[in-house]
Amino acid sequence: MDESLHLLEEMVLIRQFEQVAYLRYLQGEIPGTLHQSQGQEAVAVGVCSLLRKEDWITSTHRPHGHALAKGLDPSAGMAEIYGRATGCLGGRGGSMHLGDPELGILPSIAIVGGGITIAPGIATALKMKGTDNVVVCFFGDGAVNEGAFHEGVNYAAAFNLPVVFVCENNMYGASTPFHETTRNINVASRGAAYGIPSEQVDGMDIRAVRESAAKAIETARSGKGPVLLEYLTYRYVGHSRGDARGYRTKDEEAYWLAKDPIATYGDSLIKDGIASEEQVKEATSRGKKRISVALKHAQNAPWPDPVTALAPNIMFGNPPQVVEGAGPLELGPEERTKSIAEAIRETLDAELALDPTLILLGEDVGVPGGFGGAFGVYQGLAEKYGRDRVIDTPISEKAIIGASIGAAIGGLRTVPDLQYADFVFEAMDELVNEAAKQRYMSNGKLTIPMVLRCPVGASQRGAQHAQHPESFFMHVPGIKVLCISDPYTAKGALTAAIRDDDPVLVFEHKLLYGAKRKEAGSIDTKAFVPEENFALPVGQARVRRFGTDATIVATFTELYAALELAEKLAEEGIEIEVIDPVWLSPFDWTTVTNSVRKTGRLVIAHEAHLTGGWGAEVSARISDELYTDLKAPVRRVASRDIPMPFSPPLEAAVLPQKEDIEAALRSVLAMDHRREKLVEA
């Protein structure tokens with residue numbers, strides 16, 4: 001009886017939470033937006049009542065019921081949707097992002113289907129740690145039309161992961177009927193496509209929900225892999241505040257109201273002699289009173305201090321530090337000369353040996369006798385560390401990155417690989433909406449130590465295998481961006497990235513690898529690399545050549561063109577300072593500004609497109625902050641703003657050439673605005 005009345009009380013609690021919140025929202029007390037789930041309480045309570053604290057759930061933009069059923073304090077939940085400091089996430093999440101990692105509640109994901117790729121990653125971490133804990137992934141019927149559904153469920157099935165996928169099929173995606181968006185409206189039937197058990201259940205009957213969920217959770221706990229559950233349920237309210245539900249019929253609503261999970265369950269407890277009418281009323285009253293307390297708490301709670309909005313320790317696990325001085329390039333014995341590819345492999349090898357929580361994952365990274373990744377970097381690592389740590393994945397970029405993020409949240413360190421940086425756009429949602437934001441949305445409760453390796457650059461492969469997306473991610477707060485142009489950096493900066501507690505995107509140019517398979521136009525970058533692993537400071541640039549007449553800041557192939565050009569100009573008595581920024585985010589503004597103050601002239605060279613390239617940000621900031629020090633305008637040299645063509649002469653016409661850098665340099669060397677102003681005065 002106690003359990004039955006507790007289930008009733010929990011459903012009432014969720015219903016009352018949402019009804020009270022909605023009324024206060026209409027009164028203007030609650031900012032933003034509110035998505036409710038009245039009618040779906042049996043699914044949330046029925047499933048979550050069977051979970052342990054150590055189990056995890058992922059939820060949607062309609063998360064109140066799931067979070068409360070998993071154990072979230074109603075006061076903390078109400079304060080969160082009020083945007084108050086005592087909210088479960090300090091007011092950083094709001095209604096659509098409720099959660100508490102300490103309770104196994106991932107801050108809910110407002111992107112439809114977003115949690116379906118993250119859940120397998122958390123499950124990977126639980127499995128690798130030897131636990132029998134599970135992940136329950138909630139999503140709506142609309143999510144099954146997302147690519148994330150296929151990639152996430154297939155990934156979990158392929159690796160036999162402990163995930164229970166729970167579809168709350170309320171028949172509508174916003175206002176569009178589900179049957180109008182797909183031919184197969186039986187979501188449970190899709191489990192067969194992935195070779196996993198599945199079941200369709202009445203989601204308005206909490207007993208049926210618990211019976212089916214208990215079997216599914218036991219299947220996942222016992223190591224038998226994922227299960228797909230479809231609960232047929234109904235949302236009594238509209239999609240959001242302005243939804244008058246004009247697209248529904250009165251008969252339809254009446255049918256589902258007669259199946260109200262709270263009313264029917266309460267009646268059944270009395271009818272079956274499990275509880276008296278008075279006990280049902282008392283349980284209902286307890287649920288409502290708890291929300292009354294939560295409301296008063298939220299109304300009286302303080303607003304967050306605006307200063308904390310900018311707190312770096314909330315956005316980053318390892319907040320960027322101001323680096324004093326540029327890093328060195330050390331010299332050493334010839335036998336320790338390595339290529340970039342060799343230095344990366346050596347680094348991964350050493351870090352895998354040092355840290356048992358580190359895993360590598362991606363396409364073709366660990367097949368015995370296989371490629372060892374698109375550029376052979378991973379060869380031999382799977383044989384040495386096992387395929388449970390060097391993991392071959394499906395060709396599923398969203399799932400690879402989602403799983404990497406989830407595993408990192410679950411306590412592992414992950415190094416995913418997508419073969420080419422161009423494919424990163426397939427996983428932009430996971431990177432920009434999850435990896436970059438989950439720590440901040442969680443009020444600093446989560447860390448995501450993930451390093452994504454991204455080969456970039458033109459090499460006669462055409463427009464879809466030649467892009468430079470690093471500039472995109474310089475614009476995304478919460479992600480660190482590393483550009484590797486030499487073997488010493490490959491080891492020291494990659495080691496630092498792997499040991500960092502934040503997501504890092506590492507960009508490497510295909511023509512600089514020095515791998516066994518030489519690319520047309522490859523550049524010899526072999527250099528000394530210390531045998532021991534070492535970590536360079538995150539955010540530290542490197543001065544590759546000192547000079548006094550002008551500064552060039554360049555990455556990848558343009559860096560080597562700049563160094564060659566500097567040697568040529570030195571014969572004319574012109575001394576050029578060449579800087580490799582190494583990190584685009586955090587950017588070493590100190591090293592660059594000190595150099596430009598000294599030389600008074602700046603040329604920026606990169607293979608990324610001119611418009612919106614990272615050089616535009618550097619140019620804007622230097623021009624703004626050092627305008628009195630500049631002797632000439634800042635010049636940028638970059639690829640033309642068109643897709644990269646395949647044919648070598650066409651490709652060369654698009655790419656920045658050494659002659660372009662030289663022309664830009666000579667143009668700024670011919671100017672001295674400061675002297676001209678003095679003459680005019």
Side-chain angles (χ1 to χ4, degrees), residues 35 37 39-40 42-44 46-47 58-62 66 109 111-120 123 135-161 163-205 208-209 211-213 215-217 219-220 224-235 239 245 247-249 251-253 255-256 259 394-399 402-403 426 429:
H35 296 86
S37 59
Q40 301 179 190
V43 178
V47 173
T58 69
S59 185
T60 71
H61 62 284
R62 210 177 296 281
H66 308 141
I109 298 170
I111 307 299
V112 173
I116 304 177
T117 57
I118 305 295
V135 183
V136 171
C137 175
F138 290 99
F139 53 93
D141 49 274
V144 303
N145 293 327
E146 292 276 356
F149 175 79
H150 165 68
E151 293 196 27
V153 176
N154 182 66
Y155 190 99
F159 294 106
N160 210 44
L161 296 172
V163 184
V164 178
F165 294 100
V166 174
C167 176
E168 294 175 294
N169 186 351
N170 60 27
M171 304 191 303
Y172 290 94
S175 64
T176 305
F178 183 49
H179 67 82
E180 292 185 5
T181 64
T182 186
R183 188 165 185 171
N184 179 11
I185 62 172
N186 187 322
V187 174
S189 71
R190 304 185 189 202
Y194 306 102
I196 64 173
S198 59
E199 185 178 3
Q200 186 183 78
V201 182
D202 181 358
M204 307 301 275
D205 181 350
V209 171
E211 181 181 352
S212 58
K215 290 187 296 183
I217 292 168
T219 296
K224 297 177 183 177
V227 179
L228 172 62
L229 297 176
E230 177 191 11
Y231 290 114
L232 301 179
T233 184
Y234 199 74
R235 170 170 40 85
H239 172 70
R245 309 191 305 280
Y247 46 88
R248 300 181 182 179
T249 67
D251 288 345
E252 176 187 292
E253 292 196 338
Y255 170 81
W256 287 98
K259 291 170 65 68
I395 301 175
S396 301
E397 287 79 10
K398 292 176 72 63
E426 289 283 337
D429 177 39

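This is a predicted model, so every value here is computed, not measured.
- Qualifying side-chain contact (heavy atoms from CB on, under 4.5 Å) partners for A44, counting only residues two or more places apart in sequence or in other chains: I14, H66, A69.
- Taking 4.5 Å as the limit, some side-chain heavy atom of Y231 sits within range of a side-chain heavy atom of V209.
- When the salt bridge (Lys or Arg N to Asp or Glu O under 4.0 Å) test is applied to E253, the partners found at least two apart in sequence or on another chain are R245, R248.
- With a 4.5 Å cut-off on side-chain heavy atoms, S198 and F165 do not count as touching.
- Here N170 contributes atom CG and L232 contributes atom CG; the two are 10.5 Å apart, rounded to the nearest 0.5 Å.
- Using cut-offs of 30° and 60° for the angle between ring planes, the Y234 and W256 rings count as parallel.
- Partners of D251 under the side chain to side chain donor-acceptor pair (under 3.5 Å) rule, at least two apart in sequence or in another chain, do not exist in this structure.
- Partners of E426 according to the side-chain contact (heavy atoms from CB on, under 4.5 Å) rule, which considers only residues two or more places apart in sequence or in another chain, are E397.
- In this model, no donor atom of one side chain and acceptor atom of the other lie less than 3.5 Å apart for N154 and S396.
- When each of E168, R62, H35, M171 is paired with R235, the side chain to side chain contact (heavy atoms under 4.5 Å, CB included) condition holds for R62 and for no other.
- Not counting sequence neighbours, the partners of K215 by the salt bridge (Lys or Arg N to Asp or Glu O under 4.0 Å) test are E199.
- Here the CD1 atom belonging to I111 is positioned 10.0 Å from the NE2 atom belonging to H61, to the nearest 0.5 angstrom.
- E146 pairs by the salt bridge (Lys or Arg N to Asp or Glu O under 4.0 Å) definition with nothing, not counting sequence neighbours.
- F178 places a side-chain heavy atom less than 4.5 Å from the side chain of N145.
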